[in-house]
Amino acid sequence: MQLHSNTVLITGGASGIGLELARRFLQESSTVIICGRRKAKLDEARKLLPELKTLVCDLSKERQRVRLAEWAVSEFPRLNVLVNNAGIQRRVKIAGQTDWAPTHEEIAINLEAPMHLCALLLPHLAKQERPAILNVTSGLAFAPMSSAPVYCATKAALHSFTLSLRHQLAGTPVQVIEVIPPAVNTDLGGVGLHTFGVAVDEFVNAVAMGLREGDPEIAYGYSQRASRASRQELDEIFQRMNQAAS
């Protein structure tokens with residue numbers, strides 16, 4: 001995939017991996033649109049990268065996803081790349097939960113939104129030059145961290161969906177690419193929880209290289225090991241990770 005001269009929509013693009021991907025595409029003379037729920041964060045992103053186009057959008061809401069797709073196609077008719085990056089990671093215990101709303105929101109943003117946006121935008125993308133869909137999953141899709149059970153389950157489901165989508169679109173010009181981060185030093189799940197992770201620019205460097213080389217799955221570090229591990233290796237990774245966490 002070429003990084004230059006695209007028109008790219010990145011969900012959750014105001015911070016973390018999404019913002020660094022936006023920066024990288026802008027450096028390659030692409031037009032970049034980002035969306036997020038908080039206007040203040042979008043405004044901060046635009047101060048850093050004034051070329052960004054932004055839209056406030058709550059991806060957990062069906063109507064707002066439809067509005068986003070309609071607006072993006074109308075305002076940016078050359079839109080050819082969708083990056084499903086937005087995500088929520090909550091540390092929760094399943095037992096004793098009585099309020100379903102936060103869990104529903106996590107599922108909606110992490111899984112329902114990318115599936116829906118793919119369906120909404122595919123008819124348009126298929127008509128463009130060099131169209132692509134990038135779904136950002138996680139190394140935790142393969143060996144889950146038990147303290148974030150909903151997040152890990154949604155990422156496993158998005159991995160499965162991406163495989164099926166790639167197979168269904170094999171006879172079309174649309175590339176389907178899975179980006180599989182390890183722990184990255186962002187504020188995902190809360191400030192300071194991932195300071196042990198790799199630097200954002202280091203990971204996005206690997207993503208950019210994978211895109212240029214045409215890799216359908218781009219993993220790095222831990223996520224590269226997990227995504228290629230045997231069942232026995234995954235069981236061992238799961239035990240080590242969750243024993244350390246507990």
Side-chain angles (χ1 to χ4, degrees), residues 10-12 16-18 21 59-60 65 82-95 97 100-119 122 132-170 175-184 186 188-190 193-194 196-198 203 206-207 210 215-246:
I10 303 175
T11 67
I17 292 172
L21 283 171
L59 291 171
S60 70
R65 296 193 297 265
L82 167 64
V83 182
N84 284 309
N85 166 74
I88 293 176
Q89 184 187 95
R90 297 182 310 130
R91 308 297 175 95
V92 295
K93 291 187 179 296
I94 300 301
Q97 282 203 81
W100 178 248
T103 298
H104 179 262
E105 181 180 63
E106 190 172 12
I107 294 169
I109 290 176
N110 294 1
L111 179 60
E112 185 178 320
M115 294 173 70
H116 192 194
L117 287 176
C118 285
L122 263 173
I133 294 172
L134 281 64
N135 287 335
V136 180
T137 61
S138 171
L140 297 176
F142 304 90
M145 181 173 66
S146 63
S147 59
V150 179
Y151 175 85
C152 297
T154 59
K155 292 301 184 178
L158 186 57
H159 165 70
S160 175
F161 175 78
T162 304
L163 292 176
S164 296
L165 183 66
R166 184 184 298 128
H167 185 78
Q168 289 191 5
L169 298 179
Q175 294 184 67
V176 179
I177 300 162
E178 183 175 4
V179 176
I180 313 172
V184 178
T186 70
L188 179 68
L193 291 177
H194 292 95
F196 65 92
V198 302
F203 174 64
V207 173
D215 296 340
E217 291 185 356
I218 304 172
Y220 185 72
Y222 158 77
S223 67
Q224 190 170 48
R225 295 191 298 275
S227 65
R228 289 289 177 264
S230 67
R231 177 55 191 267
Q232 180 178 345
E233 290 168 330
L234 287 175
D235 287 346
E236 292 170 356
I237 291 170
F238 177 82
Q239 291 298 327
R240 286 198 305 272
M241 178 170 54
N242 289 289
Q243 284 173 359
S246 61

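No hydrogens, no waters, no symmetry mates; every other heavy atom, side chains included, goes into these values. Computed from a predicted structure; not experimentally measured.
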Query raised in the report: Does F142 reach the side chain of K155, with side-chain heavy atoms less than 4.5 Å apart?
Result: no
**Report entry** Rounded distance [0.5 Å steps], NE2 in H104 versus OG in S60
**Finding:** 8.0 Å
Query raised in the report: Has the side chain of N110 got a donor or acceptor atom that lies under 3.5 Å from a matching backbone atom of I88?
Result: yes
Query raised in the report: Between L59 and A113, what is the shortest heavy-atom contact and its length?
Result: O-CB, 3.7 Å
Query raised in the report: Is there side-chain contact between M145 and Q89, with heavy atoms separated by less than 4.5 Å?
Result: yes
Query - Pair R228 + E217, salt bridge at N-O below 4.0 Å - result: yes
**Report entry** E112 and R65 ion-paired at < 4.0 Å
**Finding:** yes
Query raised in the report: Just wondering, more than 12 heavy atoms not from Q232 lying within 6.0 Å of its CD?
Result: no
Query raised in the report: Among V207, V184, I10, which residue meets the side chain to side chain contact (heavy atoms under 4.5 Å, CB included) test with I17?
Result: V184
Report task. Among L117, L122, V83, find the residue that satisfies the side chain to side chain contact (heavy atoms under 4.5 Å, CB included) test when tested with I133. Result -> L122
Query raised in the report: With respect to V179, which candidate in L134, N135, N84 satisfies the side chain to side chain contact (heavy atoms under 4.5 Å, CB included) definition?
Result: L134
Query - Heavy-atom side-chain contact between L140 and M241 under 4.5 Å - result: yes
**Report entry** Partner of V198 by side chain to side chain contact (heavy atoms under 4.5 Å, CB included), out of P181, S223, P182
**Finding:** P182
Query raised in the report: Would a 4.5 Å heavy-atom cut-off, applied to side chains only, mark V92 and Y151 as touching?
Result: no
Query - Pairwise side-chain contact, F161 with C118, heavy-atom cut-off 4.5 Å (strictly under) - result: yes
Query raised in the report: Between the main-chain N or O of P216 and the side-chain N or O of R166, is there a donor-acceptor pair closer than 3.5 Å?
Result: yes
Query - T137 versus E178, side-chain donor and acceptor atoms under 3.5 Å - result: yes
Query raised in the report: Side chains of T11 and N85: donor-acceptor distance under 3.5 Å anywhere?
Result: no
Report task. Using distance alone, with no hydrogens and no angle criterion, decide if E106 and T103 have a side-chain donor and acceptor under 3.5 Å apart. Result -> no
Report summary line: Contacts of D215 meeting salt bridge (Lys or Arg N to Asp or Glu O under 4.0 Å) (sequence neighbours excluded), chain-then-number -> none
